[in-house]
There are 2 protein chains.
Amino acid sequence: MADHHDYLRDGMAIYRESFAIIRAETDLSRFSEDEADIAVRMVHACGNTDAAQYIEFGGGFAAAARAAIAGGAPILCDSEMVAHGITRARLPSSNEVLCTLRDPRVPALAETLSTTRSAAAVELWADRLAGAIVAIGNAPTALFHLLGWLGRGGPKPAAILGIPVGFVGAAESKAALAADPCGVPYLIVRGRMGGSAMTAAAINALARAGL
Amino acid sequence: MADHHDYLRDGMAIYRESFAIIRAETDLSRFSEDEADIAVRMVHACGNTDAAQYIEFGGGFAAAARAAIAGGAPILCDSEMVAHGITRARLPSSNEVLCTLRDPRVPALAETLSTTRSAAAVELWADRLAGAIVAIGNAPTALFHLLGWLGRGGPKPAAILGIPVGFVGAAESKAALAADPCGVPYLIVRGRMGGSAMTAAAINALARAGL
């Protein structure tokens with residue numbers, strides 16, 4: 001077996017070099033500086049510079065989301081992977097990171113509402129949704145459910161990361177958010193790509209500037 | 001706001017339709033049936049059919065990994081996101097899912113070994129590594145560290161999922177694994193792509209066939 005003595009072992013140096021490669025290879029010209037920082041971390045999380053072209057910010061997302069996080073807003077996640085990808089130590093106000101998917105009430109609620117557990121879990125955000133950061137990185141049905149609720153006058157979050165991944169409903173749910181965000185600032189990745197890692201990376205970028 | 005009444009809300013139907021779309025759009029002809037099942041779930045996790053061309057199985061991976069999981073092998077993960085993406089209820093033998101990254105010994109160990117915390121955390125797998133499933137979905141340094149250990153005659157896992165993501169070391173660490181896996185069956189995604197979601201999806205596919 002060959003020795004592998006020549007690989008970079010300094011975590012901060014790896015980050016710096018990674019971000020430099022991404023910036024060299026990716027067209028970030030349509031983003032503000034603040035948005036570019038977020039986009040770079042999202043590309044880093046998926047290992048694919050092509051993803052940058054599908055990233056879209058709306059309604060002053062970066063400033064609104066940063067302010068909400070700085071102010072202690074809870075972060076409501078649709079999946080355990082998103083919640084566990086968020087670096088708690090970066091969060092400026094010991095923000096609560098909540099995923100209700102495994103709440104024992106969810107299976108019955110999904111049955112009653114004739115929907116997925118991911119969508120039913122959104123219902124359990126009721127008392128925290130106003131002013132919160134919503135981080136959807138997995139389930140299109142969770143985003144659709146939230147949009148339906150907002151459209152009926154539900155509580156408004158401070159910002160929505162709408163980044164579900166997949167082949168059924170992902171592109172459609174993200175397009176629906178961008179088409180009518182009900183005045184809520186949003187971040188999406190158009191099309192099929194997205195996922196928990198990109199979503200958590202965006203939160204980590206918002207939580208604190210720099211490495 | 002438009003109503004969104006027309007989206008699919010049945011979780012199993014969403015899976016079935018998603019997998020059918022992936023199979024229709026992806027060339028899986030170089031895979032065995034068993035490998036194709038795993039590849040489909042990995043593509044599903046990243047929302048990108050292009051990823052399939054980089055997936056590579058070696059050393060009878062699918063059969064070896066399935067047998068080890070069925071036999072109760074622990075699953076050693078390099079990140080919390082991988083560990084939390086694994087559906088515990090699918091695991092056939094209440095397999096232990098372990099991530100040592102947050103072990104309190106890790107920061108000092110990383111300092112001593114002049115490496116990243118992800119690589120240092122691999123050291124703490126010592127008493128479980130023989131016969132285990134290794135699931136690396138984040139850190140190239142973790143995979144490099146493991147390869148160095150194997151090359152020096154360290155304990156052999158039953159199978160290695162080498163799927164770190166990123167721009168520095170990811171492609172190189174995965175190529176190194178495939179070039180000399182020390183006789184251990186492996187699964188990699190060549191190049192930059194990979195990540196915790198694809199890694200957890202592969203484990204979920206191995207844990208139980210079908211939806």
Side-chain angles (χ1 to χ4, degrees), chain A residues 1-5 7-11 13-15 17-19 21-22 25 44-50 79-81 83-85 110 113-119 138 140-141 144-145 147-148 150-152 165-170 172-173 176 179-180 182 191-197 200, chain B residues 1-5 7-11 13-15 17-19 21-22 25 44-50 79-81 83-85 110 113-119 138 140-141 144-145 147-148 150-152 165-170 172-173 176 179-180 182 191-197 200:
Chain A
M1 148 142 273
D3 266 353
H4 304 288
H5 287 315
Y7 65 93
L8 201 54
R9 290 171 165 79
D10 174 338
I14 294 169
Y15 269 112
E17 188 171 324
S18 298
F19 292 173
I21 293 169
I22 294 165
E25 294 187 19
H44 182 245
C46 70
N48 183 0
T49 56
D50 290 347
S79 79
E80 292 288 338
M81 286 191 85
H84 286 274
L113 300 172
S114 297
T115 191
T116 64
R117 282 181 290 169
S118 292
N138 186 52
T141 53
F144 274 130
H145 196 83
L147 291 178
L150 278 176
R152 295 188 304 276
V165 61
F167 296 82
V168 174
E172 296 84 349
S173 64
D180 187 354
C182 297
R192 292 167 168 179
M193 281 197 273
S196 50
Chain B
M1 150 142 270
D3 264 354
H4 303 289
H5 287 316
Y7 66 93
L8 202 53
R9 290 170 164 80
D10 174 340
I14 293 170
Y15 269 112
E17 188 171 324
S18 298
F19 292 173
I21 292 171
I22 294 166
E25 294 188 18
H44 182 245
C46 69
N48 184 358
T49 55
D50 289 347
S79 79
E80 292 287 340
M81 286 190 84
H84 286 274
L113 299 171
S114 297
T115 192
T116 64
R117 281 181 290 169
S118 292
N138 184 53
T141 54
F144 274 130
H145 196 84
L147 291 177
L150 279 175
R152 296 188 303 276
V165 62
F167 295 82
V168 174
E172 297 83 348
S173 65
D180 188 353
C182 298
R192 293 169 168 179
M193 280 196 275
S196 49

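Numbers restart at 1 for each chain; the letters A, B, ... are given by sequence-line order, proteins then strands.
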> side chain to side chain contact (heavy atoms under 4.5 Å, CB included) with B:E172: which residues, sequence neighbours excluded?
Replying inline: B:F144
Atom of [X], atom of [Y] and distance for their closest heavy-atom approach:
X	Y	result
B:S18	A:V168	OG-CG2, 3.4 Å
A:I21	B:R192	CG2-NH2, 3.6 Å
A:M193	B:N48	SD-ND2, 4.0 Å

Flag the one option from [options] with the top tally of heavy-atom pairs under 4.5 Å to chain A.
options	answer
B:S196, B:A200, B:A83	B:S196
B:L8, B:I22, B:D10	B:I22
B:C46, B:A110, B:G11	B:C46

> Side chain, backbone, both or neither: which part of B:A197 has a heavy atom under 4.5 Å from chain A?
Replying inline: both
> B:A45 versus chain A, heavy atoms under 4.5 Å apart: side chain, backbone, both or neither?
Replying inline: backbone
> How long is the gap from OH on B:Y7 to OG1 on A:T116, to the nearest 0.5 Å?
Replying inline: 7.0 Å
> If you measure from NE2 on A:H84 to NE2 on B:H84, what distance do you get to the nearest 0.5 Å?
Replying inline: 3.5 Å
> Would a 4.5 Å heavy-atom cut-off, applied to side chains only, mark A:I14 and B:F167 as touching?
Replying inline: no
> What option among A:H44, A:E17, A:M81 has the most heavy-atom pairs under 4.5 Å with chain B?
Replying inline: A:M81
>> If we define contacts as heavy-atom pairs under 4.5 Å, which of A:N138, A:L113, A:T49, A:T141 has the most with chain B?
In response: A:T141
